[in-house]
Every structure is written in C-alpha cells, then in structure tokens.
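Accompanying notes for the structure given below.
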Amino acid sequence: MGPPPRKRRGHRRSPGAPDVGRLPLTDASVAVIAAIDMLLFPAETARVLAPDGVLLWINQLGCDGPLYLPAATVVAAPPGTWQATESEAGWGSWAALRRTH
C-alpha cells in the first residue's frame, strides 16, 4: 500500500464565485470604491458606483509600484466624463474621482 493521495493545494474558484470583472452588486449601488494597488476595471467600476459615488485610486508606492497608473489615465478609462483631485503622500499617490454631470 502506497502513501495516501496528496491533496491539491492552491485556490480553485468555484463555478458560482464572483470575480472583479463582474461584481455581484446592483448597478449604481456603491458609494465608495477604494482601489488600493490593484488592477483597474473601468467599466465595472462605472457600473456599480452610484451616480454621486467616489472612486479612490491609491498607489502606496506611487510611480514605483507595479500597478501604478497616473490619475489622468484613470480619469480617461471609465465610460463617461470624470474629474479627479489628486495628491501625493510619502511614497504614495492617490486620486479621488467623481463623475461630472
């Protein structure tokens, strides 16, 4: 008799598990999205964010971070017209984006 079978390690998505490409949220239902050092999903962000909602785009390492995008790029990505207030803090950078009506 050999050793017992090894269990598979690692994460396996179950068939019904959500992903960030299609969040399990109602359209226009989120007041704030804090996107901290992550990939940008502009269409999905615009879909779930309330009309007066805010997208916080945060890069903890600023332009040295692997997922850094300048605020101008983030403003241009989602559908519609957006405006941003941006700044830097220590190494990082941030922007607060809102739709313009």
Side-chain angles (χ1 to χ4, degrees):
M1 194 176 205
R6 294 179 62 168
K7 290 185 179 180
R8 271 185 108 182
R9 292 187 178 184
H11 177 71
R12 226 173 34 167
R13 236 182 90 194
S14 62
D19 67 34
V20 76
R22 181 68 184 168
L23 295 169
L25 299 168
T26 307
D27 293 359
S29 64
V30 177
V32 176
I33 295 175
I36 303 169
D37 290 332
M38 62 176 279
L39 298 172
L40 178 61
F41 293 85
E44 191 61 3
T45 296
R47 182 186 73 80
V48 301
L49 198 61
D52 60 345
V54 176
L55 167 62
L56 299 175
W57 182 257
I58 301 165
N59 294 283
Q60 296 182 83
L61 297 176
C63 61
D64 291 331
L67 298 174
Y68 171 76
L69 288 176
T73 301
V74 179
V75 167
T81 306
W82 296 71
Q83 65 182 20
T85 299
E86 63 181 306
S87 189
E88 295 179 350
W91 293 319
S93 63
W94 61 268
L97 288 77
R98 288 184 183 268
R99 287 184 178 95
T100 57
H101 303 285

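In this chain, residues are counted from 1 in sequence order.
- With a 4.5 Å cut-off on side-chain heavy atoms, Val74 and Leu55 count as touching.
- Residues satisfying the side-chain hydrogen bond (donor to acceptor under 3.5 Å, both in side chains) criterion with Asp27, sequence neighbours excluded, are Arg47.
- Other residues sharing the hydrophobic cluster of Trp91, ordered by chain and number and joined by side-chain separations under 4.5 Å: Leu61.
- Ser93 places a side-chain heavy atom less than 4.5 Å from the side chain of Asn59.
- Taking CD from Gln60 and CG from Leu67, the interatomic distance works out to 11.0 Å, rounded to the nearest 0.5 Å.
- Taking each heavy atom of Ala43 and Pro79 in turn, the nearest pair found is CA-CD, 4.1 Å.
- Atoms CG and CH2, on Asp37 and Trp57 in that order, are 8.5 Å from each other to the nearest 0.5 Å.
- Under the 3.5 Å distance criterion, the side-chain polar atoms of Thr73 are left unmatched by any main-chain donor or acceptor of Leu69.
- Annotation: the span from Leu56 atom CG to Ile33 atom CD1 amounts to 9.5 Å, rounded to 0.5 Å.
- Considering CG of Leu25 and CD of Glu44, their distance stands at 7.5 Å, rounded to 0.5 Å.
- Contacts classified as salt bridge (Lys or Arg N to Asp or Glu O under 4.0 Å) and involving residues 90-101 (residues at least two apart or in different chains) are not found.
- For Pro78 against Trp82, the heavy-atom pair with the smallest separation is CB-NE1, 3.5 Å.
- Residues Leu97 and Val54 form no side-chain contact, since every pair of their non-hydrogen atoms from C-beta on lies 4.5 Å or further apart.
- Between the Thr100 side chain and the Thr81 main chain, a donor and an acceptor come within less than 3.5 Å of each other.
- From Ile58, atom CD1 reaches atom CD1 of Ile36 across 4.5 Å, with rounding to the nearest 0.5 Å.
- If you chain together hydrophobic residues whose side chains sit under 4.5 Å apart, Leu40 and Val48 fall into the same group.
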